[in-house]
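Accompanying notes for the structure given below.
As a basis for the values below, the full set of heavy atoms in this structure was taken, side chains included, without hydrogen atoms, waters or symmetry mates.
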Amino acid sequence: MTHKIILDTDPGIDDAMAIFFAFQSPDIDVLGLTTVYGNVPATMAAKNALSLCELAEVDIPVCKGVSLPWVGPESKYAHFVHGDDGFGNINHPAPVGKIDPRSSAEFIVEMARKYPGEITIVAVGPLGNLALALRLEPDLPKLVKAVNIMGGAVFVPGNVTPVAEANIWNDAYAAEIVLGADWTLNMFGLDVTYDLPFAPNFTNILAQKNPKLGGFVEKAAKFYMDFYSAGKETRQCYFHDAFPIAYIIDPTLFGMTEGNVRVSTDKLNQGQTSFAPHGSTISPDWLEASSINVATTVDHPRLTDLLVNRYAL
């Protein structure tokens with residue numbers, strides 16, 4: 001079975017690893033890359049996505065998306081995590097192709113109407129494009145198969161503030177809209193992505209299995225590992241964005257918990273994803289909140305093997 005996806009992304013080093021993972025999976029049909037500000041500014045995100053397509057020799061639309069949060073000023077970018085170019089300052093050549101003239105939200109809506117009930121939207125950056133797509137097409141939840149996001153922190157601390165994960169924190173109002181929509185939503189947050197650190201030998205193996213794509217990841221991830229390894233005895237990093245794609249390929253890799261979610265938009269707790277597993281509360285305020293599925297466990301060896309095996313194809 002082939003799964004149609006739209007990959008909404010802000011490349012980003014772990015985004016690049018996840019994009020190549022999707023491209024290398026014969027059971028994943030990537031209809032297009034929609035881009036958003038996040039790890040890097042919106043224009044750079046679109047150009048980086050186009051560069052990744054050209055490196056992988058994959059000819060699909062790349063669309064530029066929102067450049068600002070739903071509410072508030074432009075965000076600060078994670079140059080200290082991903083480098084000034086989003087690729088660990090490796091001076092990768094600029095793309096030669098052109099960005100699709102459609103906005104990310106327009107592309108999402110157009111594809112959802114073209115393939116009703118068939119598409120899973122995989123969002124691994126801030127959720128502004130999906131919020132705008134919901135504004136353009138209020139029936140979007142009826143048109144897509146599911147939404148898988150990398151974002152949030154339910155039972156663990158955040159990575160930007162004590163309570164908020166970066167993608168949700170970057171556009172909390174958009175996240176509130178997206179997580180509140182009436183669609184099947186699967187969240188892969190820090191509860192599982194921080195549970196699986198990757199050592200340098202992992203990127204070395206990716207490069208051995210696939211010198212072109214894995215070699216790019218290995219080269220770019222050196223900067224990324226420097227950030228995650230600061231103050232630690234061992235070198236490591238996290239490839240967060242591959243998780244929601246892996247779930248499409250093999251849902252048995254994850255333990256999922258169903259419950260009600262709310263996203264905080266107040267200044268102190270901005271981006272907090274508060275979660276009430278079903279049966280844990282009788283509060284009407286929580287029972288009326290949207291129900292989502294949250295990944296709470298992951299099979300480390302099998303997920304690692306899946307990533308390596310797909311790069312080897």
Side chain to side chain, [X] and [Y], heavy atoms closer than 4.5 Å:
{"X": "Ser67", "Y": "Thr43", "value": "no"}
{"X": "Val178", "Y": "Leu185", "value": "yes"}
{"X": "Phe21", "Y": "Ile249", "value": "yes"}
{"X": "Val40", "Y": "Pro11", "value": "no"}
{"X": "Phe243", "Y": "Val124", "value": "no"}
{"X": "Met256", "Y": "Met187", "value": "no"}
{"X": "Thr161", "Y": "Gln270", "value": "no"}
{"X": "Val160", "Y": "Glu165", "value": "no"}

Donor-acceptor pair, side chain of [X] and main chain of [Y], under 3.5 angstrom:
{"X": "Arg113", "Y": "Glu137", "value": "no"}
{"X": "His92", "Y": "Ala220", "value": "no"}
{"X": "Asn89", "Y": "Gly83", "value": "no"}
{"X": "Asn159", "Y": "Ala166", "value": "yes"}
{"X": "Asn129", "Y": "Val66", "value": "yes"}
{"X": "Tyr37", "Y": "Asn170", "value": "yes"}
{"X": "Ser104", "Y": "Cys63", "value": "yes"}
{"X": "Gln236", "Y": "Met225", "value": "no"}
{"X": "Asn148", "Y": "Val122", "value": "no"}
{"X": "Asp171", "Y": "Leu127", "value": "no"}

Minimum heavy-atom distance [X]-[Y], with the two atoms named:
{"X": "Asp299", "Y": "Pro301", "result": "OD1-CD, 3.1 Å"}
{"X": "Thr273", "Y": "Gly152", "result": "OG1-CA, 3.6 Å"}
{"X": "Cys53", "Y": "Phe23", "result": "SG-CZ, 3.9 Å"}
{"X": "Val62", "Y": "Ile99", "result": "O-CG2, 3.2 Å"}
{"X": "Leu140", "Y": "Ala133", "result": "CD2-CB, 3.7 Å"}
{"X": "Trp70", "Y": "Leu132", "result": "CZ3-N, 3.6 Å"}

For atom [atom1] of [X], is the number of surrounding heavy atoms from other residues, nucleotides or ligands below 6.0 Å larger than 12?
{"X": "Ile282", "atom1": "CD1", "result": "no"}
{"X": "Asp59", "atom1": "CG", "result": "no"}
{"X": "Lys267", "atom1": "NZ", "result": "no"}
{"X": "Arg135", "atom1": "CZ", "result": "no"}

Is the closest side-chain donor-acceptor distance between [X] and [Y] under 3.5 Å?
{"X": "Asp15", "Y": "Thr9", "answer": "yes"}
{"X": "Asn39", "Y": "His79", "answer": "no"}
{"X": "Thr257", "Y": "Thr296", "answer": "yes"}
{"X": "Asn91", "Y": "Asp85", "answer": "no"}

Apply side chain to side chain contact (heavy atoms under 4.5 Å, CB included) to Ile28 and His3, showing your working. CA-CA 5 Å; Ile28 297 287; His3 304 275; 4.2 Å; yes
Does [X] pair with [Y] as a salt bridge, N-O distance under 4.0 Å?
{"X": "Asp182", "Y": "Lys142", "answer": "no"}
{"X": "Asp226", "Y": "Arg235", "answer": "yes"}
{"X": "Glu288", "Y": "Arg262", "answer": "no"}
{"X": "Asp305", "Y": "Arg310", "answer": "no"}

Euclidean distance, [Y] [atom2] relative to [X] [atom1], rounded to 0.5 Å:
{"X": "Asp8", "Y": "Thr34", "atom1": "CG", "atom2": "OG1", "value": "3.5 Å"}
{"X": "Ile292", "Y": "Ile149", "atom1": "CD1", "atom2": "CD1", "value": "6.5 Å"}
{"X": "Leu143", "Y": "Lys114", "atom1": "CG", "atom2": "NZ", "value": "14.5 Å"}
{"X": "His278", "Y": "Ser291", "atom1": "NE2", "atom2": "OG", "value": "3.0 Å"}
{"X": "Asp14", "Y": "Phe239", "atom1": "CG", "atom2": "CZ", "value": "7.5 Å"}
{"X": "Glu218", "Y": "Phe202", "atom1": "CD", "atom2": "CZ", "value": "11.5 Å"}

Per the ring pair (Phe, Tyr, Trp, His ring centres under 6.0 Å) rule, what does the pair list look like for residues 150-189, sequence neighbours excluded? Phe188-Tyr247, Phe188-Phe254
Using 30° and 60° as the class boundaries, would you call the ring planes of Tyr194 and Tyr228 parallel, tilted or perpendicular? perpendicular
In terms of ring plane angle, is the pair Phe216 and Phe87 parallel, tilted or perpendicular, where the classes change at 30° and 60°? perpendicular
Steps toward side chain to side chain contact (heavy atoms under 4.5 Å, CB included) verdict (Ser274, Trp286): CA-CA 10 Å; Ser274 299; Trp286 277 97; 3.4 Å; yes
Quick one: list whatever passes ring pair (Phe, Tyr, Trp, His ring centres under 6.0 Å) with His82, sequence neighbours left out. Tyr224
Give the intermediate values and the outcome of side chain to side chain contact (heavy atoms under 4.5 Å, CB included) for residues Leu7 and Ile19. CA-CA 8 Å; Leu7 188 43; Ile19 289 167; 3.6 Å; yes
Carefully, step by step, assess Leu136 and Glu106 under the rule side chain to side chain contact (heavy atoms under 4.5 Å, CB included). CA-CA 8 Å; Leu136 296 177; Glu106 288 170 339; 4.2 Å; yes
ILVMFWY cluster, Ile245 and Met17 together (side-chain gap under 4.5 Å): yes
Would you sort out whether Asp195 and His300 count as a side-chain hydrogen bond (donor to acceptor under 3.5 Å, both in side chains), showing the intermediate values? CA-CA 8 Å; Asp195 200 38; His300 298 189; 3.0 Å; yes
With respect to Ile108, which candidate in Leu31, Ile121, Leu134 satisfies the side-chain contact (heavy atoms from CB on, under 4.5 Å) definition?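 Single pass found, and it is Ile121.
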When you measure from the centre of the six-membered ring of Tyr115, is the NZ or CZ of Lys4 under 6.0 Å away and within 45° of the axis? yes
Just do the salt bridge (charged side-chain N to carboxylate O under 4.0 Å, His left out) check on Arg302 and Asp250 with the steps written out, would you? CA-CA 10 Å; Arg302 289 175 57 218; Asp250 185 358; 2.7 Å; yes
Taking the six-membered ring for Trp, are the ring centroids of Phe80 and Phe227 within less than 6.0 Å of each other? yes
